[in-house]
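Here the structure is laid out as structure tokens; the discussion comes afterwards.
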Amino acid sequence: MIRPFHPACGVDMGATLAKVALRHEPGPPELRLLPVQDLESVLRALGGAQKGTLGLTGGGGTELALRFARSASVLKVNEFAAWGAGARALLRRSAADLDEPFLLVSVGTGTSAMLVDGMSVSRVGGTALGGGTVLGLGRALLGPIGFDDLCELARRGSRRCVDLLVSDIYGPGQIPLKGDLTAANFGRLAQSAEAPLEPADLAAGVMGLVGENVALITAGLALSARVRPIVFAGSTLRGNPVLAEVLLRITALLGRHSIILEDGEFCGALGALELAARHET
């Protein structure tokens with residue numbers, strides 16, 4: 001049963017998932033993650049929003065806006081503004097509020113990087129690598145598998161059986177790079193005629209490939225924007241400690257201070273909720 005809530009809610013309709021934030025009185029917002037294809041479930045989750053303001057962001061919200069157009073006030077929120085407002089709210093909640101500009105990185109189906117400077121939020125780059133890549137490659141290598149199962153499988157695997165390291169190519173002191181850095185993602189498979197690898201090792205290799213490249217790209221964007229903090233958020237990081245560890249390790253090697261934002265997949269929804277609530281006052 002949907003509890004009554006403050007007449008404002010936020011929805012971020014992504015390519016795969018709908019992120020919903022419902023404001024109850026009293027208490028913190030209620031957060032829900034739903035398949036974007038199941039619009040009826042999203043509508044049921046919103047419940048009494050017909051009497052309030054719906055803050056809507058993301059690329060997949062057209063049909064949802066049409067369904068509410070006659071019964072609720074629909075406020076379409078710029079996606080970057082929503083993500084910036086939501087990230088600041090989550091940073092305050094985690095006592096990690098930043099008083100300096102930072103790069104906000106949304107790791108969803110793909111990856112988008114935004115420069116947050118006070119109330120200003122602007123996209124500075126991104127990559128097509130993201131959760132869609134993780135799941136697509138995972139299924140190509142392992143057959144039908146869900147995202148949560150892939151994350152758990154990766155947690156039990158070892159990338160050492162998959163990736164070629166610098167130390168596999170160069171001896172100590174030959175080049176000014178650490179030997180445990182990756183020289184080629186999945187490169188060991190090109191050199192080995194051994195028995196097929198364990199599924200867990202392949203899953204870990206997928207996370208490493210995506211994580212290292214996302215980290216390299218976003219660290220470069222942070223350097224170009226002259227900011228040190230990077231805040232990683234997005235649905236691909238939910239329950240995915242292997243990917244999170246890769247992002248933190250590689251960005252630290254490149255001189256950035258990174259944070260994995262708890263509940264970061266709800267940045268857009270929380271920001272849309274916050275901006276909808278302001279619109280009502």
Side-chain angles (χ1 to χ4, degrees), residues 1-3 5-6 8-24 27-49 54-65 67-68 77 79-80 82-91 93-94 104-112 130-136 138-139 145-155 207 210 214 231-244 247 259-277:
M1 178 180 293
I2 305 297
R3 294 178 289 161
F5 55 90
H6 182 80
C9 58
V11 181
D12 179 5
M13 297 290 282
T16 305
L17 295 170
K19 285 76 69 175
V20 179
L22 307 173
R23 176 164 290 167
H24 297 286
E30 177 185 353
L31 306 176
R32 297 189 184 189
L33 206 59
L34 299 164
V36 75
Q37 300 89 344
D38 189 358
L39 185 61
E40 295 305 317
S41 291
V42 177
L43 291 167
R44 285 195 299 272
L46 294 175
L54 170 65
L56 182 60
T57 193
T62 302
E63 178 63 23
L64 188 63
R67 296 286 287 270
F68 276 87
V77 180
E79 191 167 356
F80 304 137
W83 266 80
R88 285 189 291 266
L90 287 171
L91 284 166
R93 190 180 77 177
S94 66
L104 174 61
V105 180
S106 165
V107 190
T109 304
T111 298
S112 186
T133 317
V134 166
L135 190 55
R139 287 177 173 172
I145 188 171
F147 181 77
D148 292 342
D149 291 335
L150 185 62
C151 293
E152 175 57 26
L153 202 58
R155 190 184 62 80
M207 296 300 180
V210 173
V214 167
V231 177
F232 287 102
S235 54
T236 306
L237 292 168
R238 185 180 181 88
N240 196 348
V242 175
L243 183 62
L247 292 173
I259 297 170
I260 305 294
L261 196 58
E262 186 177 1
D263 289 330
E265 63 271 28
F266 293 102
C267 279
L270 284 166
L273 181 152
E274 183 172 308
L275 294 172

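Note that the structure is a prediction, hence the values are computed from the model and not measured.
With S235 contributing its side chain and E265 its backbone, the two residues share no donor-acceptor pair below 3.5 Å. When atom types are taken as modelled, the side chain of R139 and the backbone of I145 share a donor-acceptor pair closer than 3.5 angstrom. For the pair T236 (side chain) and V107 (backbone), a donor-acceptor distance under 3.5 Å is present.
The shortest heavy-atom contact between C267 and L261 is SG-CD2, 3.7 Å. Of all heavy-atom pairs spanning E79 and G59, the tightest one is OE1-N, 4.4 Å. Shown here for G239 and C151, the closest heavy-atom pair between the two residues is O-CB, 3.4 Å. The nearest pair of heavy atoms linking R238 to F147 is O-CE2, 4.0 Å. Of all heavy-atom pairs between G268 and A82, the closest is O-CB, 3.6 Å.
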Quiz prompt | Test log, rule side-chain contact (heavy atoms from CB on, under 4.5 Å), inputs M207 and L150 | solution = CA-CA 9 Å; M207 296 300 180; L150 185 62; 4.3 Å; yes
Practice problem: Kindly determine whether L270 and L31 satisfy side-chain contact (heavy atoms from CB on, under 4.5 Å), including the steps that lead there. | Solution: CA-CA 9 Å; L270 284 166; L31 306 176; 3.8 Å; yes
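At least one side-chain heavy atom of M13 sits less than 4.5 Å from a side-chain heavy atom of L39. At least one side-chain heavy atom of D12 sits less than 4.5 Å from a side-chain heavy atom of W83.
Of the candidates N240, V210, V214, L247 forms a side-chain contact (heavy atoms from CB on, under 4.5 Å) with just one, namely V214. When each of V42, V20, V11, L46 is tested with R32 by the rule side-chain contact (heavy atoms from CB on, under 4.5 Å), just one qualifies, namely V20.
Residues S41 and R44 bring a donor and an acceptor atom of their side chains to less than 3.5 Å of each other.
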